[in-house]
Amino acid sequence: GAVVSQHPSRVICKSGTSVKIECRSLDFQATTMFWYRQFPKQSLMLMATSNEGSKATYEQGVEKDKFLINHASLTLSTLTVTSAHPEDSSFYICSASTGGNNSPLHFGNGTRLTVT
Amino acid sequence: ELKVEQNPLFLSMQEGKNYTIYCNYSTTSDRLYWYRQDPGKSLESLFVLLSNGAVKQEGRLMASLDTKARLSTLHITAAVHDLSATYFCAVDRGAQKLVFGQGTRLTINP
């Protein structure tokens with residue numbers, strides 16, 4: 001089956017630094033990738049949608065200058081958390097689609113970010 | 001704005017019993033998903049429901065969709081400990097952008 005890989009699976013960084021999370025589709029071309037955030041014991045919230053070769057679309061309330069998304073190829077999207085703060089500590093999960101409303105969605109294994 | 005509500009949010013049950021998790025959503029959608037999440041892990045896809053009256057079954061889990069009532073159910077039959085997890089429903093608000101329910105934390109006791 002289709003596999004979406006995220007890296008790193010865990011990362012700890014200091015306040016004020018930036019951290020990059022990668023989301024790769026390993027055996028299919030992902031026209032669209034989605035980034036979700038999940039705070040402890042809470043649900044998932046969509047942060048942004050990225051389409052290969054174009055700018056990401058951010059959900060209301062998500063700072064685009066803080067959460068930089070790049071979808072430079074059909075197999076890779078990156079999320080960079082800039083100037084991280086402890087409140088950015090969360091579980092970040094990407095999902096990928098080949099495009100089209102009827103194509104399946106595949107979720108990555110998630111990245112646990114802890115900002116100290 | 002699409003809202004998705006699950007109930008119950010917490011469910012503790014004994015092995016061998018049956019129970020149902022409910023997922024209500026506020027506006028029309030083309031598809032509804034059910035996912036399982038184990039602690040510290042990502043999501044495991046369980047079911048995709050695409051049409052009114054859709055029913056899907058996998059092992060001890062069965063999901064159904066009533067688009068007129070905007071209600072989906074996830075029924076657990078003869079629960080076993082291995083089914084302990086958090087279960088999420090998610091509704092497609094368009095272009096595969098999902099709105100998730102709060103999640104139901106299911107604990108199955110021997």
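Side chains included, hydrogens not; waters and symmetry mates left out as well; all remaining heavy atoms used.
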Requested in this report: Test B:F100 against A:Q42 for side-chain contact (heavy atoms from CB on, under 4.5 Å), laying out the working first.
Outcome: CA-CA 10 Å; B:F100 283 81; A:Q42 294 189 25; over 6 Å; no
Requested in this report: Examine whether an atom of A:I93 lies under 4.5 Å from a heavy atom of chain B, and if so say whether it belongs to the side chain, the backbone or both; otherwise answer neither.
Outcome: side chain
Query raised in the report: Is it the side chain or the backbone of A:E59 that comes within 4.5 Å of chain B heavy atoms, both, or neither?
Result: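 Contact with chain B is through the side chain of A:E59 alone.
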Query raised in the report: Same cluster for B:V4 and B:L106 if Ile/Leu/Val/Met/Phe/Trp/Tyr side chains link at under 4.5 Å?
Result: yes
Requested in this report: Treating Ile, Leu, Val, Met, Phe, Trp and Tyr as nodes and any side-chain heavy-atom pair under 4.5 angstrom as an edge, say whether A:M47 and A:V81 lie in one connected cluster.
Outcome: yes
Query raised in the report: Considering only heavy atoms, which portion of B:Q37 lies under 4.5 Å from any heavy atom of chain A: side chain, backbone, both, or neither?
Result: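 Contact with chain A is through the side chain of B:Q37 alone.
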**Report entry** B:K97, part contacting chain A, at a heavy-atom distance under 4.5 Å
**Finding:**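 When you check distances to chain A, atoms from both the backbone and side chain of B:K97 fall under 4.5 Å.
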Query raised in the report: Rounded to the nearest 0.5 Å, how far apart are CZ of A:F34 and CG of B:L98?
Result: 7.0 Å
Query raised in the report: Hey, what do you get for CD (B:Q96) to CE (A:M33), rounding to the nearest 0.5 Å?
Result: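 If I round to the nearest 0.5 Å, the distance is 12.5 Å.
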Query raised in the report: Does any donor atom in the side chain of B:Q102 or A:S43 lie under 3.5 Å from an acceptor atom in the other side chain?
Result: no
Requested in this report: Answer yes or no: are there more than 12 heavy-atom neighbours, outside B:Q14 itself, under 6.0 Å from its atom CD?
Outcome: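 Not more than 12 within 6.0 Å, no.
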Requested in this report: Return yes when atom CE of A:M45 has more than 12 non-hydrogen atoms of other residues, nucleotides or ligands closer than 6.0 Å, and no otherwise.
Outcome: no
Query raised in the report: side-chain contact (heavy atoms from CB on, under 4.5 Å) between B:L43 and A:L44: does it pass, once the steps are laid out?
Result: CA-CA 10 Å; B:L43 301 180; A:L44 283 79; 3.7 Å; yes
Query raised in the report: Looking only at heavy atoms, which two atoms of A:L46 and B:R93 are closest? And how far apart?
Result: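 What the structure gives for the nearest pair is CD2-NH1, 4.1 Å.
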Report task. Look at B:S42, B:G101, B:G103 and state which one has the largest set of heavy-atom pairs under 4.5 Å with chain A. Result -> B:S42
Requested in this report: Please step through side-chain contact (heavy atoms from CB on, under 4.5 Å) for the pair B:K41 and A:N109, ending with a clear verdict.
Outcome: CA-CA 7 Å; B:K41 304 291 186 182; A:N109 44 311; over 6 Å; no
